[in-house]
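Let me begin by presenting the structure, written as structure tokens, before commenting on it.
Sequence lines set the chain letters: A, B, ... in the order given, protein chains first and strands last, and positions in each chain run from 1. Keep in mind the model is a prediction, meaning the values are calculated, not measured.
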Amino acid sequence: MTDTTRRAPGGGWRRTHPRTLLVHATWPLPPLASLGAAAVLTGGRIPPGTWITLAALTVSFAVVTAVGAVRWARTEFRVTGAALEVRTGAWTRRLRTVPLDRIRTVDLTATPLHRVLRLAALRAGTAGEGSGVPTLDALPVAEARQVRDALLARATPGAVADDPVLARFSPRWLRYAPLTFWVVGGVLIAAGTVHRVLHGMGVDLWELGVVRRAFAAFGTVSPWLTVPAALLVLLAAGAVGAVALYAENWWGHRLEWADGSTLRVRRGLFTTRTVTIDRARLRGVLLREPLLLRAGGGAAVRAVAGGLGDRDENRARSGLLPPAPRALAVRVAGGALGAPFPDPPLPDRGAPTALTRPPRAALRRRRLRGLCWVTLPGTAVLAGGAAACTPALLVWAGAYAVVSAAAVEWAAREAYRALGYGLCGGHLVVRSGVFGRDTLALERSAVAAWTFSSTPFGRRAGLVTLTAAFAAGEGRHRIPDLAAARAPGFAAGAAPGIVEEFLVGAAESGRR
Amino acid sequence: MPGSGTAPPPAAAPALRPPRHRVDPRARRWWTVRALLTVGGPVLLTAVALALCALLFFPGALPWLGPLLVALVVPALLHLVLMPRVRYAVHAWELGGRAVYASDGWYRQRRRIAPLSRVQTVDTVRGPLERRFGLATVTVTTASTAGDIRIRGLSEAGAEELSRRIGAAAQLILGDTA
């Protein structure tokens with residue numbers, strides 16, 4: 001591990017591993033492969049443009065590799081007793097010193113290529129967003145682990161809990177993978193991408209003999225057979241894709257308390273990643289139950305934590321548990337929270353609900369909104385078509401109106417049923433949503449600001465939407481459609497010290 | 001519905017009062033001009049141009065174009081007239097002992113309260129149009145963008161004074177780095 005070539009002169013400075021250069025030298029392979037494929041598909045005729053592309057590719061490869069080699073040679077790092085220091089830059093030398101007690105998270109990421117070369121990229125995260133600590137790409141796996149432990153040694157005094165492992169991957173979870181609307185969207189996106197790539201290579205899909213014959217055969221069969229068959233194929237392809245994606249992202253998943261104050265997620269099949277979250281930065285957890293997953297009895301868990309980066313990075317890194325059995329998800333959420341996850345039962349399940357429900361006006365509002373935005377436009381368009389062209393469309397207009405109104409009614413009731421907010425110990429608990437139902441448990445002390453917002457319709461119905469702002473995760477969470485009269489009192493009770501001095505009327509109305 | 005919390009709020013439910021201080025009256029004119037530049041003006045110009053074209057060249061189009069133009073122009077005029085008034089009635093601010101409080105909006109109205117202990121920076125911004133009317137905007141940022149408070153339509157002197165006072169008040173309160 002400690003071969004002399006990697007020792008930069010003096011003071012314990014180290015370089016990343018030279019095999020890294022190999023990782024960064026493979027990017028011309030996909031374009032070369034696509035050029036080769038194009039050559040094969042077009043029967044060996046190589047258009048003149050290809051030679052120019054090849055030349056450009058060669059030149060840029062040489063330049064990029066040279067720059068990469070210089071950059072590699074000029075990047076050094078060391079871990080001292082107090083800080084991580086990274087020196088970078090070919091011309092302008094830059095030394096970045098990150099105090100160890102500021103390091104909140106350390107991720108190890110390895111793409112398949114990294115893994116073949118037994119390397120891993122290490123990324124240290126501090127509290128600030130986009131703090132610009134350079135990624136050390138890449139170190140031998142053993143050394144990366146050792147550096148990670150050295151970086152986190154300062155931040156993590158504390159004892160390991162009784163059973164530090166909160167969840168281990170089970171292949172049975174794969175059955176939850178296809179339970180998302182992305183099954184259909186994903187296939188369409190993939191098909192579009194393939195078409196565009198082929199088109200870019202000069203191969204037109206519709207001109208290929210195979211495709212043409214298939215289409216001709218398709219046209220001669222009854223549409224009552226072909227349309228369901230096509231749908232079935234689409235769904236099957238989407239399901240396979242979803243399972244593959246799930247496996248790539250979550251295979252070997254393991255969520256554990258690395259010690260008393262660091263939560264660690266390890267996951268990935270080809271690309272493995274490890275995300276560590278400092279307990280002090282973990283302000284809450286989110287239980288996610290999108291419609292289809294909910295119907296299948298599953299749920300996923302996300303962390304609401306600071307220091308995970310911007311919105312996109314946060315989305316990629318905050319996952320604690322993939323879609324998995326709901327009971328397990330609730331248990332894992334509780335384990336991450338350090339307290340039983342308040343999983344308030346739905347109002348009509350017999351048990352008294354712990355959450356306060358918004359007034360019935362919230363239900364009427366949802367119903368009206370659905371009718372205005374879903375039922376009305378479609379019916380109007382179909383009815384207009386009937387008036388303009390053929391009366392036969394009138395039947396369709398009627399059918400659409402009835403079916404969509406029924407769907408809207410169901411969705412409105414389902415949405416209203418889930419709505420609720422309340423306090424549970426030190427946590428603020430909010431549940432809402434019908435297509436994507438989220439239950440948030442957030443530390444009350446994390447709330448940094450309150451926003452009350454309302455529209456004219458909401459004001460007439462006596463409703464207000466309360467938004468909590470906090471410096472973690474997505475940064476905000478909405479509590480939709482509270483009774484306007486209760487919202488200020490709730491905000492004051494949930495996070496003291498923010499709204500109190502602007503409240504009036506408690507004393508007077510109390511005396512009355 | 002048994003066991004549900006839809007009961008009427010308790011008698012002692014406190015209410016959130018509006019912030020004490022209104023913004024500068026000149027803000028009304030600023031909002032009117034801004035609306036004229038972004039929404040009202042373009043819509044009105046388009047409508048006039050279309051009407052002229054139709055009158056001169058395609059008189060046959062007027063029966064269906066007329067109602068369409070009315071449907072375009074009336075909302076634009078309403079926006080132009082009503083929006084600044086409603087905004088002036090809604091927009092307000094207040095610096096309390098422990099928090100900053102502001103309300104804004106016209107259709108969707110917002111009231112936002114952020115404690116001084118979470119304040120990170122106080123910016124005063126003057127846009128080109130705002131400068132014309134001697135106005136300024138004070139933005140108070142917190143660690144979360146959803147907690148940032150923006151007070152628009154202050155007089156320039158008032159904005160300076162306010163940002164200075166918020167800065168001083170935030171200094172006094174022990175900072176909270178969360």
More than 12 heavy atoms of other groups within 6.0 Å of Arg444(A) CZ: yes
Side-chain donor-acceptor contact under 3.5 Å, Arg112(B) with Thr451(A): yes
With respect to chain A, which residue among Ala114(B), Gly147(B), Pro18(B), Ala99(B) yields the maximal number of heavy-atom pairs within a distance under 4.5 Å? Ala99(B)
What part of Phe470(A) gets within 4.5 angstrom of chain B, counting heavy atoms only: side chain, backbone, both, or neither? backbone
Considering residues, nucleotides and ligands other than Arg126(B), do more than 12 of their heavy atoms fall under 6.0 Å from its CZ? yes
When the 4.5 angstrom heavy-atom criterion is applied to Val447(A) and chain B, the contacting part is backbone
Atom CZ of residue position Arg478(A) - does it have more than 12 heavy atoms of other residues, nucleotides or ligands inside 6.0 Å? no
If we define contacts as heavy-atom pairs under 4.5 Å, which of Ser453(A), Ala448(A), Gly497(A), Ala491(A) has the most with chain B? Ala448(A)
If we define contacts as heavy-atom pairs under 4.5 Å, which of Arg108(B), Arg110(B), Arg17(B) has the most with chain A? Arg17(B)
State, to 0.1 Å, how close Ala471(A) and Ser144(B) come at their nearest heavy-atom pair, and which atoms those are. N-CB, 4.1 Å
Please report the interatomic distance CZ(Arg111(B)) to CG(Leu466(A)), rounded to the nearest 0.5 Å. 12.5 Å
Taking all non-hydrogen atoms of both residues into account, name the closest pair between Gly489(A) and Pro14(B) and its distance. CA-CG, 3.9 Å
How are the rings of Phe457(A) and Tyr107(B) set relative to one another: parallel (under 30°), tilted (30 to 60°) or perpendicular (over 60°)? perpendicular
Pairwise side-chain contact, Arg459(A) with Gln109(B), heavy-atom cut-off 4.5 Å (strictly under): yes
Under 4.5 Å from a heavy atom of chain B, the part of Ser454(A) involved: both
State, yes or no, whether a side-chain contact exists between Phe452(A) and Ile113(B) at a heavy-atom distance under 4.5 Å. yes
For Ala484(A), is it the side chain, the backbone, both or neither that has a heavy atom under 4.5 Å from a heavy atom of chain B? neither
Of all heavy-atom pairs between Gly97(B) and Glu501(A), which one has the smallest distance, and what is that distance? N-OE1, 2.8 Å
